[in-house]
Structure formats: structure tokens, C-alpha cells
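Along the sequence shown, residues are numbered consecutively beginning with 1. Nothing here was measured: the structure is a model prediction, and the numbers come from that model.
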Amino acid sequence: MPQILGKMKRVVILASGTGSNAETIIKNWQDREDVAVVALLSNKEEAKALAMAEGYDIMSRFFDREERKMGKMIDLITQLNPDLIVLAGYLLKIPTTLIDLFPNKIINIHPALLPKYGGKGMYGMNVHEAVYEADEKESGITIHYVNENYDEGNIIAQFSCNIEEANSAKEIQQKVLQLEHKHYTEVIEQLLDL
Ligand code: GRF
């Protein structure tokens, strides 16, 4: 009953790569009537995430540099009127225009325990290689608000895993990705009051 009375919450996902986090969220919400991914947008034409979203009949759009500079991606996001903008492996900096339009409504997931191993250049395997080289005993994920600096917005939630047994950066990546898939949806749902 509540979902009939309440408005359906709308999420826009931004992704530049594989989209395994995006796919996990989409799958988790397949039978939900109170929340939906309304679009997946990308800055990379070849991003697997775009084809993945299409496969679920979700609007998926690529915006090239020129279109982004013209504000076309921001225009579409504004039209879509999302309750939350979720970055899932989106590699570009978010323009301040978008941050100002959606205050505290843009979140990111980072594959390490910030403030360590964050900032420019700290993405993908670079993160896990740095963690491995530093001989850390644990790593994990950080879900945080997006501000104008890479990985510096307020932290919403962190989850950690033991990596003492990991023999390579790849193994750390796999462990951390499992944590991402386990927790990203639930944190988004909490933020949406679902
Ligand atoms: C994840 O490790 C996420 O933390 C980072 O980019 C990666 C995206 O993976 N921001 P996928 O595209 O969701 O598979």
C-alpha cells in the first residue's frame, strides 16, 4: 500500500565502465514499485554499462565531450528529476553546476577506505595496487557525497574487509567488489528513505 500512496523514487546512474555495480542495483530493484533506475548515462561510448542497461530496457545515453560542455547531459538529468544521482564507476569530475542543482543528492562509491587511497588518479586497479604495495591488513569501500574535489565529499558509509591473505592487487579488487555489490543498494535505499 505505501508504494501506491507514495511517489516512486527515481535514480539516475552515471557509469564509465563495466557497470557491475549498476547491474546489481538494477537487478535488486527489478520487482520494486517504489524505486527505479530511470536512466544510465555515460561519458564512454564503449562502456559495457550502456549495453547492460539497455538489456534491462532502461534509458541509456552516451554524451561526448562537446555535448557535455554544452550542458546536454545536465539538461537530461534535470528533466529526469532524480531523487538521487548514483555514480558507479564514473571517472570524470562532476561539474559544479550539477552539484549545485542537486545538493546532497549525488553519491559515489570508492573502492578503498577514504581518506586513504583517494584523489586524482586513484581509480580502478591503481587503488588496489597502492593498497597491496602498502601491505595493508584491510581495505574496503567508502560511499560518500560528491563535491567539487575527487573523493573528498562527506562520508556516508564504510565497510571493510580483511586482506591479509590476499596475494595480489587483483585479489583485493575481487574482495572489495563483492563488498560493493553487497552494500551499495542498501545504502542508497537508506538515503531514499525506502
Ligand atoms: C568500482 O570498483 C567502484 O568502486 C569504482 O569503479 C568500479 C566500478 O566497477 N568507483 P563496475 O563498473 O561497477 O563494475
Would you indicate whether Lys93, at its atom NZ, is surrounded by more than 12 heavy atoms from other residues, nucleotides or ligands within a distance under 6.0 Å?
yes

So side-chain hydrogen bond (donor to acceptor under 3.5 Å, both in side chains) across residues 60-82, not counting sequence neighbours, yields Glu54-Ser60

Linking Ile, Leu, Val, Met, Phe, Trp and Tyr through side-chain heavy atoms less than 4.5 Å apart, which residues share a cluster with Leu91?
Tyr123

Going hydrophobic residue to hydrophobic residue with side-chain gaps under 4.5 angstrom, can you get from Val146 over to Ile143?
no

Could you name each residue pair satisfying salt bridge (charged side-chain N to carboxylate O under 4.0 Å, His left out) that touches residues 170-187, not counting sequence neighbours?
none

Could you see if Leu177 belongs to whatever hydrophobic cluster contains Leu113? Use Ile, Leu, Val, Met, Phe, Trp, Tyr and a side-chain cutoff under 4.5 Å.
no

Show which residues join Leu114 in its hydrophobic cluster (side-chain heavy-atom contacts under 4.5 Å, direct or indirect), or state none.
Ile155

For side chain to side chain contact (heavy atoms under 4.5 Å, CB included), just list the numbers for Ile77 and Leu14, CA-CA rounded to whole Å, side-chain angles, deciding distance to a tenth of an Å, and then say yes or no.
CA-CA 10 Å; Ile77 295 174; Leu14 309 188; 4.2 Å; yes

Which heavy-atom pair separates Leu98 from Ile106 by the least distance, and what is that distance?
O-CD1, 3.8 Å

Sorted by chain and residue number, the side chain to side chain contact (heavy atoms under 4.5 Å, CB included) partners of Ala51 (sequence neighbours excluded) come out as none

Side-chain contact, heavy-atom cut-off 4.5 Å: Ile156 with Gln190?
no

Are Val37 and Leu191 in one and the same hydrophobic cluster, where Ile, Leu, Val, Met, Phe, Trp and Tyr link if side-chain heavy atoms are under 4.5 Å apart?
yes

Distance (rounded to the nearest 0.5 Å) between Asn108 CG and Asp151 CG
6.5 Å

Heavy-atom donor-acceptor pair, Asn126 side chain to Gly121 backbone, under 3.5 Å:
yes

Please list, chain by chain and in numerical order, all residues satisfying side chain to side chain contact (heavy atoms under 4.5 Å, CB included) with Glu152, sequence neighbours excluded.
Asn147, Asn149

Using a cut-off of 6.0 Å, state whether more than 12 heavy atoms not belonging to Met125 lie near its atom CE.
yes

Those residues at least two apart in sequence (or on a different chain) that pass side-chain hydrogen bond (donor to acceptor under 3.5 Å, both in side chains) with Arg32 are Asp34, Glu189

Do the side chains of Ile13 and Ile58 get nearer than 4.5 Å, heavy atoms only?
no

4.5 Å side-chain heavy-atom contact, Val11 and Leu192:
yes

Rounded at 0.5 Å granularity, tell me how far OG in Ser168 sits from CD in Glu129.
9.5 Å

Side chains of Ile188 and Trp29, heavy atoms from C-beta outward: is any pair under 4.5 Å?
yes

Rounded to the nearest 0.5 angstrom, the CD1-CG distance for Ile26 and Asp57 is 11.0 Å

Over 12 non-hydrogen atoms of neighbours within 6.0 angstrom of CD in Glu165:
no

Hey, could you give me the CG/CD1 distance between Asn154 and Ile107, rounded to the nearest 0.5 Å?
13.0 Å

According to salt bridge (charged side-chain N to carboxylate O under 4.0 Å, His left out), who are the partners of Asp83, at least two apart in sequence or on a separate chain?
Lys7

Qualifying residues under salt bridge (charged side-chain N to carboxylate O under 4.0 Å, His left out), relative to Lys116, sequence neighbours excluded
Glu136

Closest non-hydrogen atom pair, Leu40 against Ala22:
CD1-CB, 3.7 Å

Which pairs with one or both residues in residues 132-166 pass ring pair (Phe, Tyr, Trp, His ring centres under 6.0 Å), sequence neighbours excluded?
Phe159-His183

Do Ser20 and His181 have side-chain N/O donor and acceptor atoms under 3.5 Å apart?
yes

Using the rule that Ile, Leu, Val, Met, Phe, Trp and Tyr join whenever any side-chain heavy atoms are under 4.5 Å apart, tell me whether Tyr184 and Val127 fall into a single cluster.
yes

Do Arg10 and Leu80 have side-chain heavy atoms sitting under 4.5 Å apart?
yes

Which ring pair (Phe, Tyr, Trp, His ring centres under 6.0 Å) pairs, counting each pair once, include a residue from residues 38-68, with sequence neighbours left out?
none

What pair of heavy atoms forms the shortest contact from Ala134 to Tyr117, and how long is it?
CB-OH, 3.1 Å

Side chain of Ser139, backbone of Ala112: donor and acceptor closer than 3.5 Å?
no

Contact summary for Leu179 and Ile141, nearest pair of heavy atoms:
O-CD1, 3.7 Å

Just verifying a value: how many Å separate Lys48 NZ and Ser16 OG, rounded to the nearest 0.5 Å?
14.0 Å

Pair listing, side-chain hydrogen bond (donor to acceptor under 3.5 Å, both in side chains) test, anchored in residues 95-104, at least two apart
none

Shortest non-hydrogen contact from Val176 to Gly140?
CG1-O, 3.6 Å

Among the clusters formed by ILVMFWY side chains lying less than 4.5 Å apart, do Ile163 and Met122 turn up in the same one?
yes

Least distance between heavy atoms, Ala15 atom then Ser42 atom:
O-OG, 2.6 Å

